[in-house]
Amino acid sequence: MTKLSLLLTAALAATATAQQFGVPAIFATTEGGTSGNIWRAGTNRVQCFYAASDFEGAGIGHPIEINNLEWRLAGGLAGAAVNYPSVEIYLQQSASSYLSPSTTFATNRTVAHPTTPNYAGAVNVNTASGTTPNDWVINIPLTNNFTYYPDQGDLLLEIVILVAPTPVTGSTMSTGFNVTSHRCNSVRSVGSTTAVTGSLSAFAPVVRLGYTDVPGGARHVVYGDGCVTHSRSFYEEFAINTADLGGNTVTMAQNGLGGYTVNTTAGATVVPPTATGLALGDDVVSAAIPLPFTFDYPGGSTSSIYVDSNGSILLNGTAASNIGGSAVQLLTSPVHRLSPSMQDLLPDGTTNVANVFAEPDPANPTTVFLITWLNVPCFGGTAGGSTFQVALIDNGSSDSVEMRYSTLINDSTSVSGVAVTGFSLGGTATDPGNRDLTAGSFATEADVSPLSLKGSPRPIMGQPVIYTVDNVRAVLGLSALYLSVGNTTPIPLTAYGLNAPGCFGHINLLNSIALLTFAGSPTVLLPITWPTGPYSGLDLYLQVFSLAPSENPAGVISSNGLQVKLGTL
């Protein structure tokens, strides 16, 4: 019997345990936006769309049986006890992407109506404690459970309120509010349950799903981290009322690594604005503002900028205003973004006094351009306004940035008051982790992602699976895929005598085999067909190790771990 066969005979019994998962995932434990047009004081139909990638990103890429739904009241509210006498809930695989659903309800369904609802009956809304994030005030055990396949598309959740509640009182619920960043969307016909079309709204409600794994469901679950990561981005997240950059200057100088050398020093000279303000209001982005020079930065250059009222400068095009809430908003931005303080700010609009100003530096009009937030308060804040300034400085081919902070306050009543300071090209930027900008100088560099391993489709026995290894270094490009029946907590490779700081073993290396050795970079595809037999529910664990002489003294890097649960569907 081969060692692989011996490993496979160690099959483990699968059990279906009750679990929960909140979507949009970004707001599972933090406050989002709010809307009173979902569980409202009247009839309503709303289709809610949630990205399959939220599920897959949480290791739920396999079939699950959804059996319960909960909704959360908006943060800070106590709410009212309300009874809806007649509600229908439908769950389906969405026929449309959450990014672009149809405004025609029928087009978004994979099962045509009329069909049996997953729940039909009365729904109670309970009062809440008023915390932020708030309590789950609606709980609906489904009458007919729904089996959802994340690898077959997004989730469609349809709420139909057939009769107005008693008392006739709506409930303001916690929601997403940015389709791209929060990976949710909705179509609603407020006040009608018979309309065939509705209106798009990014304010899809935060929902917590109760579910169990479907017996026999095959899956891949990514766990642990690969190495090594290099990132051009940098950021610091500040929890409410903790921003400590006031009275400091953050200097960003380009280096030879494709990034910035960043240093924070005490003292800040904010040049008073002399031009008329931009008259920006709440959550808006300015028109294009020309610069007196071409501003070069790591990863791009521009002769004009756009200013987001919420504490950001857009460098290579326009995009929707973003109030932040976490570094995810910076790292996934659709445009290159320099954010002295991305948070929910409230400039005074046409009053144009506590506003944003953009002009050449009067003392250096051809080489320095200033963008100044002058005494701008936070949305809902009570601690006063912030004054900070960004100086874009022309230094020939190596332009630099100064972010100067006279005062910096973050006490907005939205997104838990979180503020983010940093720089990123967005898109698929690598995440360097949160940094303390006042802790000392550091350097960023061009993005290099860690060695990674993933598999698709699900590991159904007897069917081919492709395992994709990404970010293999060009020199030497020699790698091995190891298989074990056990995983481990991350064990530093230094514990095995390898001088590879930041790299870890995620499988039981003492009980493993080299399943495949291979060459190539940066991406290698490995086809594997798992054998049939009495192995349904067996957990196997995979990890790749690759030679990479330039990354560390040992010249070895490691991937994330990948759990493989064999199954029949």
Side-chain angles (χ1 to χ4, degrees), residues 31 33 75-76 132 235-250 264-287 289 305-314 320-327 329-330 337-359 361-362 369-392 401-423 437-438:
E31 182 60 25
T132 300
Y235 64 85
E236 182 171 2
E237 280 187 13
F238 298 98
I240 188 168
N241 290 320
T242 64
D244 63 354
L245 293 176
N248 289 281
T249 296
V250 178
T264 300
T265 55
T269 302
V270 173
V271 178
T274 60
T276 303
L278 299 177
L280 299 182
D282 188 28
D283 301 341
V284 294
V285 174
S286 74
I289 300 171
I305 59 171
Y306 298 81
V307 177
D308 184 340
S309 65
N310 288 311
S312 290
I313 299 166
L314 313 184
S321 179
N322 198 317
I323 65 176
S326 76
Q329 314 306 315
L330 178 67
R337 192 178 291 261
L338 172 62
S339 298
S341 187
M342 182 196 292
Q343 56 170 312
D344 199 355
L345 297 171
L346 187 62
D348 61 5
T350 55
T351 303
N352 215 14
V353 176
N355 214 277
V356 190
F357 300 78
E359 60 185 314
D361 184 348
F369 194 82
L370 305 175
I371 306 95
T372 308
W373 280 258
L374 183 66
N375 200 31
V376 177
C378 295
F379 181 87
T382 59
S386 295
T387 294
F388 53 88
Q389 183 174 80
V390 175
L392 306 179
V401 178
E402 289 183 5
M403 297 190 292
R404 307 160 178 170
Y405 298 90
S406 177
T407 56
L408 183 58
I409 296 168
N410 67 310
D411 68 342
S412 71
T413 55
S414 60
V415 293
S416 302
V418 173
V420 178
T421 293
F423 164 79
L437 295 178
T438 61

Main-chain N/O of [Y] paired to [X] side chain as donor or acceptor, under 3.5 Å:
| X | Y | result |
| --- | --- | --- |
| Thr132 | Gly76 | yes |
| Asn352 | Ala279 | yes |
| Asp348 | Val353 | yes |
| Asp411 | Thr382 | yes |
| Gln343 | Gly311 | no |
| Glu402 | Ala391 | no |
| Asn355 | Gly277 | no |
| Thr249 | Gly267 | yes |
| Asn410 | Thr242 | yes |

**Message:** Run the side chain to side chain contact (heavy atoms under 4.5 Å, CB included) test on Val250 and Thr421 for me, step by step, so that the C-alpha distance in whole Å, both residues' side-chain angles and the decisive distance to 0.1 Å come before the verdict.
**Reply:** CA-CA 10 Å; Val250 178; Thr421 293; 5.6 Å; no
If you measure only the distance, is there a donor-acceptor pair under 3.5 Å linking the side chains of [X] and [Y]?
| X | Y | value |
| --- | --- | --- |
| Asp344 | Ser412 | no |
| Thr387 | Asn375 | no |
| Asn248 | Thr264 | no |

**Prompt:** Which of these, Ser386, Ser406, Pro340, Ser341, sits in a side-chain contact (heavy atoms from CB on, under 4.5 Å) with Trp373?
**Reply:** Pro340
**Request:** Could you check Val284, Leu280, Leu345, Val285 and say which one makes a side-chain contact (heavy atoms from CB on, under 4.5 Å) with Asp308?
**Result:** Val285
**Request:** Starting from the C-alpha separation in whole Å, work towards a yes-or-no answer on side chain to side chain contact (heavy atoms under 4.5 Å, CB included) for Gln329 and Val420.
**Result:** CA-CA 9 Å; Gln329 314 306 315; Val420 178; over 6 Å; no
**Message:** For Val376 and Phe388: C-alpha separation, side-chain torsions, deciding distance, then whether side chain to side chain contact (heavy atoms under 4.5 Å, CB included) applies.
**Reply:** CA-CA 9 Å; Val376 177; Phe388 53 88; over 6 Å; no
**Item:** Intermediate values then yes/no, side chain to side chain contact (heavy atoms under 4.5 Å, CB included), Leu374 and Val270
**Value:** CA-CA 10 Å; Leu374 183 66; Val270 173; over 6 Å; no
**Request:** Find the distance between OG (Ser326) and OH (Tyr235) and round it off to the nearest 0.5 Å.
**Result:** 8.5 Å
Which heavy atom of [X] sits nearest a heavy atom of [Y], and at what distance?
| X | Y | result |
| --- | --- | --- |
| Ser309 | Gly281 | OG-O, 3.2 Å |
| Glu31 | Ser416 | N-OG, 3.9 Å |
| Val415 | Gly324 | CG1-O, 4.0 Å |
| Glu359 | Pro273 | OE2-CA, 3.0 Å |

**Item:** Thr372 side chain near Val271 side chain, heavy-atom distance below 4.5 Å
**Value:** no
